[in-house]
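Quick caveat: nothing in here was measured; it's all calculated off a predicted structure.
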Amino acid sequence: MAGNADRRDNVVSFPKQSKLNIGVIILAVVFIYVMVCVATFLSREQIQSYQVREGTLVEDTRYTGVIVREENVVYSTGAGYVNYFTAEKDRVAVGNLVYTLDSSGTIKDYTDLLSADENSLSDSDKEEFRYLIDSFLEKYSDDSFSSVYDLHTTLTSKTDKLVNNLLLENIDSLYSSTSSMIEYHYASDTGIVAYWIDGLEDLTVEEVTSSLFDDSATYSRTELVSNSLVAEGEAVYKVQPSEYWDVVIVGADEENVEYYLSEEVVQVRFLKNDLLLWAEVSTPTNSLGETLLVLSFQSGSVNFSSDRFLEIEIVTDDDTGRKIPISSIVEKSFYLVPEEYVSYVEEEDAYYILIESYGEEGLTVTRTEVEPYSLKENYYYLDDASIELGTRIYKLDSSDVYSVQSTGVLTGVYNINKGYAEFRQITILEENELYAIVQSNTTYGLSVYDYIVLNADAVDENDFIYE
């Protein structure tokens, strides 16, 4: 028993360790702080900026029109493989070589070999193809998907022209080996060459009806391809000899038609390529009694030589100035002070007013710097903490006193070039649902490339902006 007692006496007691770990506590505090910051950030409306640019605000109406123009279809005089030596959209003169007709198939076999041979392209040719593709990628957007077809046409024409140039270099030897099986065909008319047909080549303005547009979903056209087999009497190409062409619209609003007719000439924007052209307006009636809106052009036909139907906008108002979003516009109240009570010191590039105040020393007049936001009808619009209704302001070098008694409202935006929201006045020239065009070169206004708050209702003046 004594031995057991001795062993108990030798037991050393250690203090119990705390279950709390200071490192865990710190991590928990940091985690909670981060979560609060994230929640606060996500719960408040994010400040977005917008860079001011020159722009236009267009009021216009969009239409679908059909092209009516002079088009002369050329038909094959025999059967064989056709090969084109003039690129589509090129202008030919009378006597220019347009195509050859090979009844033996020798040229087809030869061009197939050329097309399969990568080395048939020179470095300059390859560089030109890269340039065309790079230029297309730089300008491409989903809103202009039709430009893909234009690129395809351009690249195809370029390829055909390169192959045919190589073919021409060897045409004499091919001709001698095939005797008279190769026919050369030259242009009999001057004009723009097109390699497609759709059956509407002889369409006249008076023949355009609303049913033509109803059937546009089933509209079809045939592409005339180089190195293809044609029969005698089939179309091989067509020529558009005149620069004069029309876009015909059916079903335009009567009020709009009357307005366009009164203008006589209107500006037209083509959605395909954003080209702007001027057109003369006329309003004939077709055989069904439908009023047509005819836009007649005297140039630009080559840009649409591969088209039959076009999406257009008729521009009726086009104001130019600083373009800003409607969501950035705010209104602000200011105190009105007569112009003669505000002095400008050129050496300091600053404006001052003389404010009457009472203090321990009695009546004093304090020279206070202010920032005018606008000058209208001989009144400065001032916003200063030292001014309120009833504030008495002295005229410089005079005993005249003015008591601030009215306010005015200015329309503006919050400029954030300096990192905080600073009000700047704007004069709106035109606006729609999304944007406004504001006057350029105003004394207290905006400059191009200024940054403004996009969502103005999310900030107050002088708020610091963290983007």
Using 30° and 60° as the class limits, which term best fits the ring planes of Phe464 and Tyr420: parallel, tilted or perpendicular?
perpendicular
Please determine whether the number of non-hydrogen atoms from other residues, nucleotides or ligands lying under 6.0 Å from atom OH of Tyr186 exceeds 12.
yes
Just checking, is any N or O donor in the side chain of Asp349 or Tyr344 under 3.5 Å from an acceptor N or O on the other one?
yes
Taking the side chain from Trp245 and the backbone from Ser299, do they hold a donor-acceptor pair closer than 3.5 Å?
yes
Hey, does Ile437 have a side-chain heavy atom less than 4.5 Å from the side chain of Ile428?
no
When you check the gap from the basic side-chain N to the acidic O, do Glu461 and Lys332 get nearer than 4.0 Å?
yes
Within the structure provided, determine whether Gln240 and Arg69 are in side-chain contact (heavy-atom separation under 4.5 Å).
yes
Heavy atoms only: give me the nearest Val409-Ser333 pair and the separation to one decimal.
CG2-OG, 3.8 Å
Just verifying a value: how many Å separate Glu70 CD and Glu201 CD, rounded to the nearest 0.5 Å?
12.5 Å
So CD of Glu88 and OG of Ser306: to nearest 0.5 Å the spacing works out to 6.0 Å
Salt-bridge present (Asp274, Arg269; N to O < 4.0 Å):
yes
Can you confirm whether or not the ring centre of Tyr381 sits under 6.0 Å from the ring centre of Phe423?
no
Okay, side chain of Asn417, backbone of Tyr451: is any donor-acceptor separation there less than 3.5 Å?
yes
Side-chain donor or acceptor of Ser327 paired with backbone N/O of Leu454 under 3.5 Å:
yes
Parallel under 30°, tilted from 30 to 60°, perpendicular over 60°: which one fits the rings of Tyr50 and Tyr435?
tilted
Kindly say whether Asp463 contributes a backbone atom to a donor-acceptor pair with the side chain of Asp460 at under 3.5 angstrom?
no
Phe297/Tyr244 under ring-ring contact (aromatic ring centres under 6.0 Å, His included): CA gap, chis, key distance, verdict:
CA-CA 6 Å; Phe297 301 89; Tyr244 292 89; over 10 Å; no
Taking everything shown except Glu377 itself, do over 12 heavy atoms lie less than 6.0 Å from its CD?
no
Do Thr366 and Thr368 pass the side chain to side chain donor-acceptor pair (under 3.5 Å) test, and can you show the C-alpha distance, the side-chain angles, and the key distance before you say yes or no?
CA-CA 6 Å; Thr366 305; Thr368 303; 5.5 Å; no
In short, Leu97 meets Thr86 closest at the heavy-atom pair O-OG1, 3.0 Å
Within the structure provided, determine whether Leu446 and Ile324 are in side-chain contact (heavy-atom separation under 4.5 Å).
yes
Would you mind checking if Asp400 and Lys395 are paired as a salt bridge, meaning a charged N to carboxylate O distance below 4.0 Å?
yes
What pairs with Tyr99 under ring-ring contact (aromatic ring centres under 6.0 Å, His included), at least two apart in sequence or on another chain?
His185, Tyr237
Donor-acceptor pair, Glu207 side chain versus Thr204 backbone, under 3.5 Å?
yes
The side-chain contact (heavy atoms from CB on, under 4.5 Å) partner of Val281 among Leu293, Val265, Val257 is Leu293
Report yes or no: do Gln425 and Ser374 form a side-chain donor-acceptor pair below 3.5 Å?
yes
State, without any angle test, whether Thr283 and Thr291 hold a side-chain donor-acceptor pair at a distance under 3.5 Å.
no
Test item: Asp307 side-chain N/O and Phe309 main-chain N/O as donor-acceptor pair under 3.5 Å
no
Say whether Glu311 and Thr64, considering side chains only, have a donor N or O and an acceptor N or O under 3.5 Å apart.
yes
Could you tell me whether the side chains of Glu290 and Ser210 share a donor-acceptor contact shorter than 3.5 Å?
yes
Salt bridge (Lys or Arg N to Asp or Glu O under 4.0 Å) against Glu243, all qualifying residues, sequence neighbours excluded:
Arg91
Main chain of Lys238, side chain of Asn72: is a donor-acceptor contact present, judged purely on distance under 3.5 Å?
no
If you compare all heavy atoms of Leu382 against all heavy atoms of Pro372, which two are closest, and at what distance to 0.1 Å?
CD2-CA, 3.7 Å
Would you say the side chains of Glu356 and Tyr394 form a donor-acceptor pair under 3.5 Å?
yes
Indicate yes or no: at least one non-hydrogen side-chain atom of Val250 is less than 4.5 angstrom from one of Thr209.
no
Under 3.5 Å, is there a donor-acceptor pair between the Ser296 and Asp246 side chains?
yes
Plane angle bin for Tyr260 and Tyr63 - parallel if under 30°, tilted between 30 and 60°, otherwise perpendicular:
perpendicular
Using a strict cut-off of less than 4.0 Å between a Lys/Arg side-chain nitrogen and an Asp/Glu carboxylate oxygen, indicate whether Glu71 and Arg308 qualify as a salt bridge.
yes
Contacts of Glu388 meeting side chain to side chain contact (heavy atoms under 4.5 Å, CB included) (sequence neighbours excluded), chain-then-number -> Tyr335, Thr391
Mind checking whether Val413 and Val330 have side chains closer than 4.5 Å, heavy atoms only?
no
Heavy-atom count check: over 12 atoms from other residues, nucleotides or ligands less than 6.0 Å from Tyr449 OH?
no
Salt bridge or not between Arg322 and Glu54? Use side-chain N to carboxylate O under 4.0 Å.
yes
